[in-house]
Protein chains: 2
Amino acid sequence: MPETAGKPKRINDPQGMRSRILDVAADLFQRRGYNSTSVQDVVQAALATGGAVHHHFPTKKALGLAVIEERVAKEVNATAIQPVLQAIRVKTGILAFFASVADELERNQAVTGCPLNNLAMELSLADPDFRHAANAIFENWRGALTQRLQAGGSGLASKPAGELATTVVAAYSGAMAMAKASQSAQPLRDCAAQLEKLLP
Amino acid sequence: MPETAGKPKRINDPQGMRSRILDVAADLFQRRGYNSTSVQDVVQAALATGGAVHHHFPTKKALGLAVIEERVAKEVNATAIQPVLQAIRVKTGILAFFASVADELERNQAVTGCPLNNLAMELSLADPDFRHAANAIFENWRGALTQRLQAGGSGLASKPAGELATTVVAAYSGAMAMAKASQSAQPLRDCAAQLEKLLP
DNA sequence: AAAAAAACAGACCGGTCATCCTGTTTTTAA
DNA sequence: TTAAAAACAGGATGACCGGTCTGTTTTTTT
């Protein structure tokens, strides 16, 4: 045979494949939910095969756990925790976070909600492993806010700082739930306006 | 044949059957989620048959919508709206609501979360009908709180009343999400303590 | 270079799910 | 009383899902 009929030749890229599967799964779980997404959906959207997905994630649960621990946790840290920690004032950081999420929601067509909240709600009761993974992210977030609220000149005492951190996280999660149901960013803005009165 | 071998004789009780199916479905959807509950599960738990369930609810979606509109809406009204409307002060009504839910969570073994929030999160993106049904309940709740916050001597202006109502609903929903993930009533109590500072 | 391990491909299977369908019984309408 | 409708019973069905399994290709190890 002449050299014209060259086969596509496979190139192994384990890390890239794994990462692509995780990205696609995180996106589908976020948009359709865990239970409404089949591994076949993931296989097709990732342009992978059943064998490849099974090689990296033996079960759907393993895939779900990896999405939570490697994608959702990272996103929460990048969008919710770091900006607040690095802001000059806690209050401005938190309000900016709410505003930026609201802005982003209004840019997109659909409000798909908070990935952490989505998966936590759907899977917390189904499986303890999922629940612990989701809870760890909530706790990490809450802890970072608590510390930040206690630090600095206008630092709060331990108890109110913890309560306030919980309230900020809860208001955000709940506002996202309402935003998802109403397909509007208004709940985010309303909560931010009220949190402003509460934050030091 | 003698009278001893009497057949069980069926008794038709359409309303009772329908109501029993709805009760069971509401309970299962709440504890396991909509997608993780099969209609067979409902049939068995309700001591009914596939034919009976299908007669009253032709599709699973019809059953889900009926649960939201006839059970979840009623529960939200009974546990979250009416007590606040009938309370002497808005603040005491809302704080009492948070406290009573927290108390109830601690009495039970498992925190199954807020039924409205659970179904809204799981189904809002899956189907517009579900989303609208869930949103209507959120809106009804939010509207009742807004009105109550505007009324009376210490009445708020329209804008802050609406914002505050949204914040109360969001804080509750978010706190329930955190409670579900942590299997603890603490988030409810923390939020209530902070809302106290916000409510007139 | 040879052998072993990792990475991927893709068919296959048992089980489940939502829905449909054909009867039978009960109730209502005429 | 008779006809029609509503209420219920329960099996059948086709699609899909998650997991498994066997085989091939690529990469690493020795």
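Convention: sequence-line order gives letters A, B, ...; per-chain numbering from 1.
- Annotation: of the two residues near DNA chain C, B:Gly51 and B:Gln40, the 5′-most nearest-nucleotide partner is B:Gln40.
- Spacing between atom CD of A:Gln44 and atom C1' of C:dA9 amounts to 15 Å, rounded to whole angstrom units.
- Counting only heavy atoms from C-beta on, B:Ala52 has its side chain closest to D:dA9 among D:dA6, D:dA9, D:dG18.
- Nucleotide C:dA6 holds its C1' atom 16 Å from the CZ atom of A:Phe57, rounded to whole Å.
- Checking D:dG10, D:dA7, C:dA18 against every side-chain atom of B:Ser38, the shortest atom distance belongs to C:dA18.
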Legend entry - B:Cys114 and B:Tyr172: CA distance, side-chain angles, deciding distance, side-chain contact (heavy atoms from CB on, under 4.5 Å) verdict: CA-CA 9 Å; B:Cys114 164; B:Tyr172 171 74; 3.9 Å; yes

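- Along DNA chain C, the nucleotide closest to B:Asn35 and the one closest to A:Asp13 are compared, and the more 5′ of them pairs with A:Asp13.
- Summary of the strand contacts: A:Asp41 and B:Thr49 both lie near DNA chain D, and taking for each the nucleotide with the nearest heavy atom, the more 5' one is attributed to B:Thr49.
- Summarising the geometry, the separation between NZ on B:Lys60 and C1' on C:dT16 is reported as 12 Å, rounded to the nearest angstrom.
- Atom CG in B:Leu28 sits about 12 Å away from atom P in C:dC17, given to the nearest Å.
- Nearest to the side-chain atoms of B:Val39 among the listed nucleotides C:dA18, D:dG18, D:dA9 stands C:dA18.
- For the residue pair A:Thr37 / A:Arg32, no side-chain donor-acceptor distance below 3.5 Å is found, with atom types taken as modelled.
- Residue B:Asn12 has its side chain nearest to C:dT27 when only C:dT27, C:dT19, C:dC17 are considered.
- If you check distances only, the side chain of B:Arg10 never reaches the base of C:dT26 with a donor-acceptor pair under 3.5 Å.
- Using a 4.0 Å cut-off between charged nitrogen and carboxylate oxygen, A:Asp27 and A:Arg31 count as a salt-bridge pair.
- Look at CE on A:Met17: it is 17 Å from P on C:dA6, rounded to the nearest Å.
- Atom CD of A:Gln15 is separated from atom P of D:dT27 by 14 Å (rounded to the nearest Å).
- The shortest heavy-atom contact between A:Pro200 and A:Arg89 is O-NH2, 3.1 Å.
- A donor atom on one side chain and an acceptor atom on the other are not found under 3.5 Å apart for A:Ser100 and A:Asp103.
- Checking D:dG18, C:dA9, C:dC20 against the side-chain heavy atoms of B:His54 singles out C:dC20 as nearest.
- Regarding contacts with the backbone of D:dA7, a side-chain N or O of B:His55 is found under 4.0 angstrom from either OP1 or OP2.
- Taking every side-chain heavy atom of A:Ile11 into account, D:dT27 is the closest of C:dC8, D:dG19, D:dT27.
- Contact annotation for B:Thr37: backbone-only contact, meaning every heavy-atom pair under 4.0 Å involves sugar-phosphate atoms and none involves a base.
- Separating the CZ atom of A:Arg20 from the C1' atom of C:dC8 is a distance of 12 Å, rounded to the nearest angstrom.
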